[in-house]
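A note on names: the letters A, B, ... follow the listed sequences, proteins ahead of strands, and every chain is numbered from 1. As the structure is a computational prediction, the values presented were derived from the model and not from experiment.
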2 protein chains.
Amino acid sequence: MSFQKVLIVDDEAPIREMIKLALELEGFTCLQAQSASEALPIIVDQRPDLVVLDWMMPDVSGLDFLRRLKRDDNTREIPVIMLTAKTEENSVVNGLDAGADDYISKPFRPRELISRIQAIMRRISKMTGDGLLVVGELCLDMKGHCVFVDDQLVTMGPTEYNLLKFFMGHPDRAYSRAQLLDQVWGSNVYVEERTVDVHIRRLRKALKPAADGVDCGRFIQTVRGAGYRFSARLASL
Amino acid sequence: MSFQKVLIVDDEAPIREMIKLALELEGFTCLQAQSASEALPIIVDQRPDLVVLDWMMPDVSGLDFLRRLKRDDNTREIPVIMLTAKTEENSVVNGLDAGADDYISKPFRPRELISRIQAIMRRISKMTGDGLLVVGELCLDMKGHCVFVDDQLVTMGPTEYNLLKFFMGHPDRAYSRAQLLDQVWGSNVYVEERTVDVHIRRLRKALKPAADGVDCGRFIQTVRGAGYRFSARLASL
DNA sequence: TGCATTGGTAACGATAATGTCACATTAATA
DNA sequence: TATTAATGTGACATTATCGTTACCAATGCA
């Protein structure tokens, strides 16, 4: 639904639930899959920001699945964290070779998982350690679920909030209306593409609070014929 | 943010109960775990403000567990008090080396435990040493189990009190109804999510005592589509 | 037992959010 | 410039969410 979607791939439901619980408390949205075959369509459809992948799975091994992801252009860029049992320590090398971004050995401390995830999120996004997305005068507090423009609280609807959260997490890249619907609304709802325009409009409006205030709506740029882009840089680019 | 939840990790139930009793008399909420493996998920889910850790435990030794907590960025800051038998006096050094904030040797007087906990409270938390949570005109007395608005006693039901206590201990953060049910009601009870709304209403009402009095209900903000948030700052930071 | 307090739920009205349309405006192209 | 496609904008009906009240069950206490 929004920025910071984490897909948890593990055949053991309790482990998935524990990870999910811990991550949700930190403001992440979680998707689950109990096998590689179940995970693949989810990755394609939902495009999670991160995959937490168990090493041992019933159908395809974690390593094979990882290799497959890293071979495909469309999934290559998605960061992956591997979960390995202690007895599989040597597999870590293989995992990292195959393109995993990090690994954690089981039994693991959930806090550790969260730390690593946040580290990776920080690396790929502008997120700070405490759940703050900051771009220019714009600040989005994921924990407090609120947005500040020039240190001043601004109000917006949930959809505008999710839209902004997604944009701030994926800056400098143009997204088509269809992609935005998938990422922000969810891939299994049907709404008109033009609806995106209206919400973009509402978001821009919300980010231009006072008459004298800074117009942060400029961060959202129209890419004619393609969609919209959030960028800290202004018109040039 | 404040000391209210204390996790007691000990394999002996009578000891846990004794500590629990003493702490609850002082206004603390207690969580219990009889082993390190049981304690970990609780620490992640509930994020206690303090851990009272027995030195001798069946699965992982207290020292190992402590080291584990202190190695992780996200659990490092949680203060830990070690319980050691007299015959393990030399282990105290190890414990303090590993990052314990204090220790108490068994058999101990409950008063002693409470004093140490309060000392740690004073040292680390925002809370005053007297068990007071203060935000603006709002003051929650954990010892007296009562709430003051503008130095005037207000009455509310136990649930509203717990809700407020949780909120005041975790300000500036939005919680979903499900999370509030977990944190305030307990994670294994089933009640309707809308019930939260009603108690929020009752709490707000209780915090708006007189017609002329300050409306402290404003501290509790509705985050549409997400839940509720307690925040000292008003609309404009 | 009778009464008071508290907790959970349902119901209903108020309010905010959503999706869609019609029309205005802007940009691209010939 | 004329034309066309793409986007901006305001308004509207519908829906979802929230606030509030009322009610009943459970509990505790005299």
**Student:** When you measure from the side chain of B:Arg224, which nucleotide among C:dT15, D:dT20, C:dT9 comes out closest?
**Tutor:**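 My answer, after comparing the listed nucleotides, is C:dT15.
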**Student:** Have a look at B:Val196 and say if it touches a base, only the backbone sugar-phosphate, or nothing, with a 4.0 Å heavy-atom cut-off.
**Tutor:** nothing
**Student:** Need one value for A:Thr222: base, sugar-phosphate or nothing, where a base atom within 4.0 Å counts as base even if backbone is also close, heavy atoms only.
**Tutor:**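 If one applies the 4.0 Å heavy-atom cut-off, A:Thr222 turns out to touch the sugar-phosphate alone, with no base involved.
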**Student:** Which listed nucleotide (D:dG19, C:dC21, C:dA10) is nearest to the side chain of B:Glu192?
**Tutor:** C:dA10
**Student:** So, for B:Phe167 and B:Tyr228, is the gap between ring centers shorter than 6.0 Å?
**Tutor:**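 Not close enough - the centres of the two rings lie 6.0 Å or further apart.
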**Student:** Decide side chain to side chain donor-acceptor pair (under 3.5 Å) for B:Gln32 and B:Glu17; before the verdict, give the C-alpha distance in whole Å, the side-chain angles of both, and the deciding distance to 0.1 Å.
**Tutor:** CA-CA 9 Å; B:Gln32 295 188 46; B:Glu17 280 305 322; 3.2 Å; yes
**Student:** So B:Glu160, base contact, sugar-phosphate only, or nothing? Heavy-atom distance under 4.0 Å.
**Tutor:** sugar-phosphate
**Student:** Assess whether a salt bridge exists between A:Arg177 and A:Asp197, defined as any Lys/Arg side-chain N lying under 4.0 Å from an Asp/Glu carboxylate O.
**Tutor:** yes
**Student:** Is a donor-acceptor contact shorter than 3.5 angstrom present between the side chain of A:Arg194 and the base of C:dT20?
**Tutor:** no
**Student:** Decide if the gap between the ring center of A:Phe230 and the ring center of A:His170 is smaller than 6.0 angstrom.
**Tutor:** no
**Student:** Which nucleotide in the list D:dG8, C:dG7, D:dG19 gets nearest to the side chain of B:Tyr228?
**Tutor:**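 It is D:dG19.
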**Student:** Nearest of D:dT20, C:dC21, D:dC18 to any side-chain atom of A:Val198?
**Tutor:**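 The answer is C:dC21.
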**Student:** Heavy atoms under 4.0 Å, any strand shown: does B:Arg202 hit a base, just sugar-phosphate, or nothing?
**Tutor:**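 Base, at least one base heavy atom under 4.0 Å.
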